[in-house]
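What follows is a single structure, written as structure tokens, with notes after it.
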There are 2 protein chains.
Amino acid sequence: MHAYTTSRIALPSHAAQPSQPAAFDTAPLQPVSFFPAAAEIYAQGEKAGAFYQVEFGAVRVYRLLADGRRQISAFHLAGETFGFEAGTTHHFFAEAISATGVRVFRFAAGADMSHQLLPLALKGLTRAQEHLLVLGRQNAIERVAAFLVDMAERQGGLRQVELPMSRMDIGDYLGLTIETVSRVFTRLKDKGVIRLLNLRSIEIVKHDALQNMSE
Amino acid sequence: MHAYTTSRIALPSHAAQPSQPAAFDTAPLQPVSFFPAAAEIYAQGEKAGAFYQVEFGAVRVYRLLADGRRQISAFHLAGETFGFEAGTTHHFFAEAISATGVRVFRFAAGADMSHQLLPLALKGLTRAQEHLLVLGRQNAIERVAAFLVDMAERQGGLRQVELPMSRMDIGDYLGLTIETVSRVFTRLKDKGVIRLLNLRSIEIVKHDALQNMSE
DNA sequence: CGAACCTTTGAAGGGCTTCAATACTTGTGG
DNA sequence: CCACAAGTATTGAAGCCCTTCAAAGGTTCG
């Protein structure tokens with residue numbers, strides 16, 4: 001049980017940029033809010049009433065236990081949508097991982113968003129349930145492999161994968177400590193499965209091997 | 001890593017009962033299908049296109065790894081709804097735990113079920129994400145405590161709680177082995193927190209203690 | 001350049017799993 | 001109704017994977 005502490009470096013700058021005319025969308029574009037690294041996008045207990053699309057950067061969504069243990073339930077990268085929740089208050093925290101731009105879609109009171117939200121909610125449900133299998137039944141190397149395969153797919157399936165989050169974030173997503181995450185990275189590197197280009201980016205050398213490990 | 005084997009005792013009896021006139025509902029009641037213990041309700045890869053409400057009995061929804069490791073993502077008790085999934089095919093298996101009656105609501109092609117499904121999907125999403133915290137960051141006694149508190153709440157908050165599932169089901173839901181589940185039950189009994197009335201029902205003696213353990 | 005932070009690596013310990021045996025429960029047939 | 005068999009649960013002992021504790025190395029940013 002590790003204690004989790006965060007230094008809240010800066011508050012989000014809610015200064016919305018001037019809404020530009022929609023170039024591709026049919027609906028007028030929502031303004032983009034900017035959040036510096038570690039800024040809170042919403043907090044547990046806050047009133048909900050919007051959903052969010054990542055323009056650039058990355059977001060972590062998590063819950064805390066009373067003693068500080070943290071479980072990140074999802075990361076959201078550019079283009080992905082998050083923040084819709086049951087009921088009227090948030091059950092989770094959402095924070096920018098790095099400098100992040102987020103388009104906020106507020107629901108008008110009484111507006112019916114079912115059609116937009118249902119596919120997103122179902123997608124999120126499937127993702128969460130697949131992650132349950134990883135946390136419940138896979139060991140450390142399988143968890144990291146599954147994480148890397150997932151990150152690679154979400155970045156277009158390229159060999160080089162960017163990891164915007166820290167080892168602690170990865171650990172809190174996979175239910176592991178940072179030491180174990182680090183050791184598994186080293187093992188995968190020594191096996192020639194991946195190369196560590198720098199702290200925040202890796203190259204997948206043996207994609208099949210990684211894929212097999214994650215199953 | 002334990003191998004998982006199941007004896008498929010019987011196939012589901014899809015013989016629908018004669019649909020009775022709706023007594024309380026506005027819509028005509030759907031027929032109820034009966035499934036004996038261990039019968040499959042749907043399988044991974046099957047075409048989806050319905051959702052299900054448990055009339056009596058209990059259901060487990062799970063995924064398997066290639067080597068047989070199983071993760072149960074959810075149990076569903078009488079009155080609860082399940083089986084809506086993203087895309088057109090099921091990503092999971094659903095089985096009756098004990099003799100179970102299920103009301104099947106098929107979607108007409110092109111019918112818009114968003115309004116009915118969205119709240120269910122959001123509820124399921126929240127549940128799954130809370131379970132992620134349990135699997136990722138809680139130890140064995142905390143997991144079992146959380147499970148028992150959840151089961152008690154879903155059965156009306158009474159002292160006596162029925163557990164229709166086996167220890168193996170509980171283990172596969174909590175990411176533990178049956179031995180660990182059994183040992184934790186014994187520890188909770190020895191502490192006077194619960195009483196084991198029989199294999200499938202317990203009494204919660206110290207609800208506060210259990211609640212605190214699960215947080 | 002130095003301080004703070006993050007990551008890696010090492011060593012020891014603990015919690016859960018694995019393996020094994022016994023006890024209990026349930027269903028079936030004599 | 002009891003005997004037996006098969007399945008399920010409990011308990012014990014040993015082992016292993018991951019965590020914890022500790023220290024050194026690396027990176028970032030003032």
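Order of the sequence lines fixes the chain letters, A, B, ..., with proteins taken first and strands second; residue numbering starts at 1 for each chain.
- Note: CD (B:Gln138) to P (D:dT19) measures 15 Å, nearest angstrom.
- At a threshold of 4.0 angstrom between heavy atoms, the contacts of A:Gly175 are confined to the sugar-phosphate backbone, with no base atom among them.
- Here A:Arg195 pairs with A:Glu203 under the side chain to side chain donor-acceptor pair (under 3.5 Å) rule; sequence neighbours left out.
- For the residue pair B:His90 and B:Glu85, a side-chain donor N or O sits within less than 3.5 Å of a side-chain acceptor on the partner.
- At whole-Å resolution of the value, CZ in B:Arg137 and P in C:dG15 are 16 Å apart.
- For the pairing with A:Tyr42, the ring pair (Phe, Tyr, Trp, His ring centres under 6.0 Å) check across A:Phe51, A:Tyr52, A:Phe35 returns one residue only, A:Tyr52.
- Taking the side chain to side chain donor-acceptor pair (under 3.5 Å) definition, one finds that B:His91 meets it with nothing, sequence neighbours left out.
- For A:Ser182 and C:dT9, the shortest distance from a side-chain N or O to OP1 or OP2 is not below 4.0 Å.
- Rounded to whole angstrom, the span from the CG atom of B:Leu135 across to the C1' atom of C:dC16 amounts to 15 Å.
- The side chain of B:Arg183 approaches D:dA13 more closely than any other nucleotide in the set C:dA11, D:dA13, D:dC18.
- Counting heavy atoms of neighbouring residues, nucleotides and ligands inside a 6.0 Å radius, atom CZ of B:Arg200 exceeds 12 of them.
- Per the geometry, CD1 belonging to B:Ile141 stands 9 Å off P belonging to C:dC16, to the nearest Å.
- The phosphate of C:dT25 (OP1 or OP2) has no side-chain N or O of B:Arg200 nearer than 4.0 angstrom.
- Seen from the ring of B:Phe185, B:Arg167 counts as a face-on cation partner, given the 6.0 Å and 45° thresholds.
- Between the P atom of C:dC6 and the CG atom of A:Leu163 lies a distance of 16 Å, rounded to the nearest Å.
- Exactly one residue among B:Val149, B:Ile141, B:Val144 makes a side chain to side chain contact (heavy atoms under 4.5 Å, CB included) with B:Met213. That residue is B:Ile141.
- A:Thr180 comes within 4.0 angstrom of a base, heavy atoms only.
- Shown here are the side chain to side chain donor-acceptor pair (under 3.5 Å) partners of A:Ser201, two or more places apart in sequence or in another chain: A:Asn198.
- Atom-to-atom, CG of A:Asn198 to P of C:dT8 comes out at 11 Å; the value is rounded to the nearest Å.
- Shown for residues 187-194 of chain B: no residue has heavy atoms falling under 4.0 angstrom of DNA chain D.
- Qualifying side chain to side chain donor-acceptor pair (under 3.5 Å) partners for B:Glu55, counting only residues two or more places apart in sequence or in other chains: B:Arg103.
- Within residues 143-152 of chain B, no residue is approached by DNA chain D to less than 4.0 Å at the level of any non-hydrogen atom.
- Taking the centre and axis of the six-membered ring of A:Phe93, the NZ or CZ atom of A:Arg70 falls outside the cone set by 45° and 6.0 Å.
- Taking atom CD of residue B:Glu179 and atom P of nucleotide C:dA23, one finds them 17 Å apart after rounding to whole Å.
- Spacing between atom CZ of A:Phe185 and atom P of C:dT8 amounts to 8 Å, rounded to whole angstrom units.
- Contact check, B:Thr177 against C:dT17: a side-chain N or O comes under 4.0 Å of OP1 or OP2.
- Nearest nucleotide to the side chain of A:Ile178, out of C:dT25, D:dG12, C:dT7: C:dT7.
- Counting only heavy atoms from C-beta on, B:Leu176 has its side chain closest to C:dT17 among C:dT17, C:dT9, C:dT7.
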